[in-house]
Amino acid sequence: MTARIGTELDEAVRRLRAGELVAIPTETVYGLAANALDERACLRIFEAKRRPAFDPLIVHVRSAEHAREFVRELPADAERLMRAFWPGPLTLVLPKRELVPDIVTSGLDTVAVRAPAHPLTAQLLARLEFPLAAPSANLFGRMSPTRAEDVVEQLGDELEYVLDGGPCEVGVESTILGWEEGRCVLYRPGGTPLELLEPLIGPVRVASQHSEHAPRVAAAAPGMLAAHYAPRTPLVIEANAAHPLAAGEALLAFRHARPAHACEVLSATGDLREAASRLFAALRRLDRAGATRIVAELAPERGLGRAINDRLRRAAAAST
Ligand code: AMP
Ligand code: MG
């Protein structure tokens, strides 16, 4: 089986209704989708990705109204955020209703919901009678796909159809927020910057792997596992930009190219949105360059730079 890439909604609808997997474009990264209310279909997602059962899936819905069918409680802040940022790269973790299968939430009593902004996937959701469970369409722990071809490269033998919506505009995964004891917590920095969220709902606590919540968070949000998003070539964060690169080392530069075995610049103008949209494709090209290792410069720690740096740090942690 080698997945076919196409743009036919009819085919995607037919396969999803039959309980099959279909890769779908979103504005963040490509997702590996199945009927979120069909336990067996969702099980296939875990098998295809070799994803451990303790890593819950995000449920993609059409709208805030649609989300209400699957969540029991909606804090006022959550409603406000949905109104402001949906459809868009923001995932909310909320108490789940019974009809959401345990496999989707890894047995947690919360479910992660998001309304994606990609027009093709919005049309797909409008035609389906069910929401779509869809984690990123990559093998567990590897880099997320931002083009249809990236999905085929990693998962081509695991599914039949990739719905092609072109390259992903945002390029990093969604921001994930939840509520603990009534307070908003950031589980994963992503496509919706913290700077846009806080004016609406006040200060957001950033969950850290070393916080008192660590055991619960580690079980609930393995997107938070230290090692993730990894290329095959070892990756290190550049500690000292004044040092020249060693022979064979590739450079992931933020703004300025330098002599290296291979070099990718994320944004020559320092535009964080451009940098985020190019991140995974640039890492893929460097991964193919036959370098001894990839040295990565961090982006400024603001806006989408937080999401970029989060992915780079996890990729580096996976290399050690
Ligand atoms: P992916 O779509 O591959 O980026 O993975 C989805 C991520 O969403 C998981 O790795 C978790 O970090 C997060 N997630 C999904 N459901 C929950 C939940 N109920 N509680 C906390 N985090 C969740
Ligand atoms: Mg993922």
Side-chain angles (χ1 to χ4, degrees), residues 27-29 81 84-85 88-91 136 143-144 146 168-178 183-211 213-214 217-218 221-231 234-243 245 250-258 260 263-283 286 293-320:
E27 74 279 29
T28 60
V29 301
L81 291 170
F85 297 108
L90 178 65
T91 296
S136 51
M143 286 183 287
S144 299
T146 52
C168 299
E169 235 181 288
V170 176
V172 289
E173 299 79 356
S174 59
T175 299
I176 305 182
L177 288 182
R183 289 192 52 209
C184 191
V185 183
L186 177 77
Y187 292 129
R188 175 175 76 186
T192 306
L194 207 52
E195 289 88 340
L196 293 182
L197 301 170
E198 290 191 321
L200 232 78
I201 58 169
V204 172
R205 186 166 65 79
V206 177
S208 112
Q209 275 139 7
H210 309 292
S211 78
H213 294 283
V217 162
M224 300 191 62
L225 289 176
H228 219 78
Y229 309 112
L235 182 147
V236 293
I237 305 288
E238 175 154 73
N240 185 347
H243 280 185
L245 297 176
L251 177 68
L252 180 71
F254 179 62
R255 283 190 76 161
H256 304 291
R258 278 186 281 147
C263 178
E264 289 283 335
V265 175
L266 288 183
S267 172
T269 59
D271 177 349
L272 290 166
R273 291 169 62 127
E274 181 184 35
S277 73
R278 292 174 44 90
L279 175 67
F280 284 120
L283 277 173
L286 292 180
R293 60 179 194 168
I294 299 169
V295 176
E297 292 178 3
L298 290 177
E301 194 72 28
R302 60 179 156 77
L304 288 176
R306 284 180 220 272
I308 295 171
N309 293 345
D310 171 81
R311 306 309 183 263
L312 291 175
R313 290 192 183 102
R314 288 177 213 278
S319 302
T320 55

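The chain is numbered in sequence order, starting from 1.
To the nearest 0.5 Å, the span separating NE2 on His256 from CG on Leu251 amounts to 11.5 Å. The CZ atom of Arg188 lies 16.0 Å from the CZ atom of Arg306; values are rounded to the nearest 0.5 Å. In this structure, CZ on Arg205 lies 8.0 Å from OH on Tyr187, to the nearest 0.5 angstrom. To the nearest 0.5 angstrom, Arg183 atom CZ is 11.0 Å from Ile201 atom CD1.
Put simply, the side chain of Thr28 never gets that close to the backbone of Glu173: no donor and acceptor are under 3.5 Å apart. Put simply, the side chain of Ser136 never gets that close to the backbone of Ser144: no donor and acceptor are under 3.5 Å apart. Of the possible polar contacts, none joining the Asn309 side chain to the Leu298 backbone as a donor-acceptor pair under 3.5 Å is found. Side-chain atoms of Glu238 do not come within 3.5 Å of backbone N or O of Ala296 as any donor-acceptor pair.
By the 6.0 Å contact criterion, CZ on Arg258 is enclosed, its count of non-hydrogen atoms from other residues, nucleotides or ligands being greater than 12.
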Determine whether Leu81 and Leu90 satisfy the following criterion, side-chain contact (heavy atoms from CB on, under 4.5 Å), listing intermediate values before the conclusion.
CA-CA 9 Å; Leu81 291 170; Leu90 178 65; 3.9 Å; yes
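Contact of the Ile294 side chain with the Pro234 side chain is not registered, since no non-hydrogen atoms from C-beta on lie closer than 4.5 Å. Side-chain contact check for Arg293 versus Leu235: every heavy-atom pair is 4.5 Å or farther apart. The closest side-chain heavy-atom distance from Val185 to Leu177 is not below 4.5 Å. Side-chain contact between Pro231 and Met143 is present, with heavy atoms from C-beta onward closer than 4.5 Å. Here the side chains of Leu286 and Leu252 are in contact, with some heavy-atom distance below 4.5 Å. You'll find the side chain of Leu186 stays beyond 4.5 Å of the side chain of Ile176, heavy atoms only.
Closest approach of Leu194 and Pro199 over heavy atoms only: O-CD, 4.4 Å. Considering every non-hydrogen atom in both Gly171 and Thr146, the closest pair reads O-CG2, 3.8 Å. Ala316 approaches Ile237 most closely through the heavy-atom pair CB-CG1, 4.0 Å.
Remark: Leu196 engages Phe85, Pro193 in a side-chain contact (heavy atoms from CB on, under 4.5 Å) (not counting sequence neighbours). Applying the side-chain hydrogen bond (donor to acceptor under 3.5 Å, both in side chains) rule to Arg255 yields no partners; only residues at least two apart in sequence or on another chain are considered. Partners of Thr91 by side-chain hydrogen bond (donor to acceptor under 3.5 Å, both in side chains), not counting sequence neighbours, listed by chain and number: Ser174. By the side-chain contact (heavy atoms from CB on, under 4.5 Å) test, Ala84 is found to be paired with Leu200, residues two or more places apart in sequence or in another chain being considered. Residues passing the salt bridge (charged side-chain N to carboxylate O under 4.0 Å, His left out) test with Glu198, sequence neighbours excluded: none. Applying the side-chain hydrogen bond (donor to acceptor under 3.5 Å, both in side chains) test to Glu169 and every residue at least two apart in sequence or in another chain returns nothing.
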Table please: side-chain donor-acceptor pairs of residues 271-283 below 3.5 Å, with sequence neighbours left out.
residue : atom : partner : partner atom : Å
Asp271  : OD1  : Arg273  : N            : 2.9
Asp271  : OD1  : Glu274  : N            : 3.4
Glu274  : OE1  : Ser267  : OG           : 2.6
Ser277  : OG   : Glu274  : O            : 2.8
Arg278  : NE   : Val265  : O            : 3.3
Arg278  : NE   : Leu266  : O            : 3.2
Arg278  : NH2  : Val265  : O            : 2.9

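Relative to the six-membered ring of Tyr229, Arg311 meets both conditions, a distance below 6.0 Å and an angle of at most 45° to the axis.
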